[in-house]
A.B. asks: 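One structure, pasted below without further comment.
None of these values were measured; they are calculated from a predicted model. In this chain, numbering begins with 1 at the start of the sequence shown.
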Amino acid sequence: MSRRAALRRAAVREWGPLAAAVRTALAERGARALALTLTATALTALVQLVQNQSWGYGPVRALGAVRAEDPFWSALLRTPLSLFVPALDLPVWGALAQILLVFGVAEICLGRWRTLAVAYAATLAGTLYARIGVALGPEAFLGLPASDARVVDTGPSAAVVALAVYVCHQRRARFTGALVVVAMVVEVLVKDNLAGREHLAAIAVVLAVCGVREWLGRRAPATRTGRRAPAIRTGRRPPAPGAGRRRSAQGLGAGGGGTRSGAPPMRSWNFRRGPAQRTSWW
């Protein structure tokens, strides 16, 4: 087998089920299959446009910017909108392309509400980690310096990374999922900042969820196997109460073929068609 053929087979095994699911959904439902994705992309573009205006920067920061120094409940209320607030120091087209691709695949493979749940959980995990890391301090393991308390969270990037890992786990694209995790680790090693660490926190939460799903999936068949087998229905009606006593009183056997006198059974005269068919002894 040539190297090109081997690579093609590996690519089909890795991305074949994922590509088939996306292709089928788009062929059957068209743009309706990407309703959440298109909305998220348009909302992110709109927020980027507004926050670059002199009159829009303040409202966007007040409604969608989350920092570790903010009051907890205030930051919690801002977290949903922070999913769609891109970073100012990065090109917006990169964020839009990530949302369109990853959110689109996730919406098709996971469904609309599960995609939103995973994205929000990943963003919330990054926000909570920032608070815990700042509280621990730079000397502690996984701690953060106090200056990170004033840094705005990652925006949609943590949700994008978490959704990519979750979809890869669900569709068994393990090599691609491992590449995403390794890339985030290398990012932290090369440039250690709050955004990279929040990405790792989001990945950790998603991997924990995937581990629980795997454990529950393996436990369910064992539980079903341990149940008692259902009784086999033969289609026979249960005997009427007292039927056994009546049969015993008549001297009938278990098979119902005997009589009290021991004589052979007698057939009715009405069913006799000729002398040759007479079976009665009387």
Side-chain angles (χ1 to χ4, degrees), residues 1-49 80-86 90-124 154-184 199 202-203 205-214 216-218 220-221:
M1 182 183 299
S2 64
R3 181 176 300 178
R4 180 176 299 179
L7 290 176
R8 184 180 298 119
R9 289 187 59 184
V12 170
R13 185 170 56 251
E14 181 78 9
W15 299 311
L18 188 63
V22 173
R23 185 169 56 250
T24 303
L26 292 178
E28 292 179 353
R29 294 183 289 164
R32 292 178 300 167
L34 302 175
L36 172 64
T37 302
L38 297 177
T39 303
T41 305
L43 183 57
T44 304
L46 178 62
V47 170
Q48 173 68 11
L49 179 64
L81 185 58
S82 69
L83 279 168
F84 312 104
V85 179
L90 296 176
V92 67
W93 61 265
L96 295 178
Q98 291 176 2
I99 294 174
L100 189 61
L101 176 62
V102 178
F103 268 70
V105 175
E107 183 177 2
I108 291 174
C109 296
L110 306 179
R112 193 167 301 160
W113 295 110
R114 190 185 298 183
T115 300
L116 276 177
V118 173
Y120 181 75
T123 305
L124 187 61
T154 60
S157 59
V160 167
V161 170
L163 284 172
V165 174
Y166 194 93
V167 171
C168 289
H169 171 266
Q170 191 209 41
R171 296 293 169 168
R172 296 297 186 260
R174 303 184 185 277
F175 181 74
T176 306
L179 279 182
V180 174
V181 176
V182 171
M184 296 300 103
H199 293 165
I203 290 175
V205 170
V206 167
L207 290 180
V209 173
C210 294
V212 172
R213 290 184 70 249
E214 285 287 337
L216 292 177
R218 294 175 182 175

A.B. asks: What's the verdict on side chain to side chain contact (heavy atoms under 4.5 Å, CB included) for Leu34 and Ile108, showing C-alpha distance, side-chain angles and the deciding distance?
C.D. replies: CA-CA 7 Å; Leu34 302 175; Ile108 291 174; 3.9 Å; yes
A.B. asks: Output every pair passing salt bridge (charged side-chain N to carboxylate O under 4.0 Å, His left out) with a member in residues 162-183, not counting sequence neighbours, ordered by first then second residue.
C.D. replies: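 Qualifying pairs, neighbours excluded: Arg172-Glu214.
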A.B. asks: Under the rule for side-chain contact (heavy atoms from CB on, under 4.5 Å), what residues qualify as partners of Phe175, not counting sequence neighbours?
C.D. replies: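 Checked Phe175 against side-chain contact (heavy atoms from CB on, under 4.5 Å); matches are Glu14, Leu179.
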A.B. asks: Report the residues that fulfil side-chain hydrogen bond (donor to acceptor under 3.5 Å, both in side chains) with Ser157, sequence neighbours left out, ordered by chain and then residue number.
C.D. replies: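 Here the qualifying residues are His199.
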A.B. asks: Once side-chain contact (heavy atoms from CB on, under 4.5 Å) is applied, do any residues pair with Pro156, and if so which ones, sequence neighbours excluded?
C.D. replies: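 In terms of side-chain contact (heavy atoms from CB on, under 4.5 Å), with neighbours along the sequence ignored, Pro156 is linked to Ile99.
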A.B. asks: Going by the salt bridge (charged side-chain N to carboxylate O under 4.0 Å, His left out) test, which pairs reach into residues 101-112, not counting sequence neighbours?
C.D. replies: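 Only Glu107-Arg112 qualify under salt bridge (charged side-chain N to carboxylate O under 4.0 Å, His left out).
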A.B. asks: Measure the shortest side-chain to side-chain distance between Arg3 and Leu7 over non-hydrogen atoms and say whether it is less than 4.5 angstrom.
C.D. replies: yes
A.B. asks: Considering residues at least two apart in sequence or located in another chain, which fulfil the side-chain hydrogen bond (donor to acceptor under 3.5 Å, both in side chains) criterion with Gln98?
C.D. replies: none
A.B. asks: Applying side-chain hydrogen bond (donor to acceptor under 3.5 Å, both in side chains), can you list everything that pairs with Trp15, at least two apart in sequence or on another chain?
C.D. replies: Thr176
A.B. asks: Which residue, Thr39, Leu83, Leu96, forms the side-chain contact (heavy atoms from CB on, under 4.5 Å) with Thr44?
C.D. replies: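 By the side-chain contact (heavy atoms from CB on, under 4.5 Å) criterion, Thr44 pairs with just one of Thr39, Leu83, Leu96: Leu96.
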A.B. asks: Are the side chains of Leu38 and Leu100 in contact, using a 4.5 Å heavy-atom criterion?
C.D. replies: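 Leu100 reaches Leu38 side chain to side chain.
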A.B. asks: State, with a plain yes or no, whether a side-chain heavy atom of Cys109 is found less than 4.5 Å away from one of Val105.
C.D. replies: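 Touching, per the 4.5 Å side-chain cut-off.
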A.B. asks: Once side-chain contact (heavy atoms from CB on, under 4.5 Å) is applied, do any residues pair with Leu163, and if so which ones, sequence neighbours excluded?
C.D. replies: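 Listed in chain order: Val102, Phe103, Ala106, Leu110, Thr115, Val118, Ala119.
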A.B. asks: Can you list everything that forms a side-chain contact (heavy atoms from CB on, under 4.5 Å) with Arg13? Sequence neighbours excluded, please.
C.D. replies: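 Partners of Arg13 under the side-chain contact (heavy atoms from CB on, under 4.5 Å) test: Ala10.
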A.B. asks: Identify the heavy atoms of Thr154 and Ala158 that sit nearest to each other, and give their distance.
C.D. replies: OG1-CB, 3.4 Å
A.B. asks: Apply the test side chain to side chain contact (heavy atoms under 4.5 Å, CB included) to residues Gln170 and Arg114: give CA-CA distance (whole Å), side-chain angles for both, the deciding distance (0.1 Å), then the verdict.
C.D. replies: CA-CA 12 Å; Gln170 191 209 41; Arg114 190 185 298 183; 3.7 Å; yes
A.B. asks: Starting at CG of Leu101, measure out to OG1 of Thr37 and round the result to the nearest 0.5 Å.
C.D. replies: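 Rounded to the nearest 0.5 Å, the CG-OG1 separation comes out at 9.5 Å.
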A.B. asks: Among all residues two or more places apart in sequence or in another chain, which pass the side-chain hydrogen bond (donor to acceptor under 3.5 Å, both in side chains) test with Gln48?
C.D. replies: Gln51
A.B. asks: Please output the side-chain donor-acceptor pairs of residues 18-32 that fall under 3.5 Å, not counting sequence neighbours, one pair per line with the distance.
C.D. replies:
{"residue": "Thr24", "atom": "OG1", "partner": "Ala20", "partner atom": "O", "Å": "2.8"}
{"residue": "Arg32", "atom": "NE", "partner": "Arg29", "partner atom": "O", "Å": "3.3"}

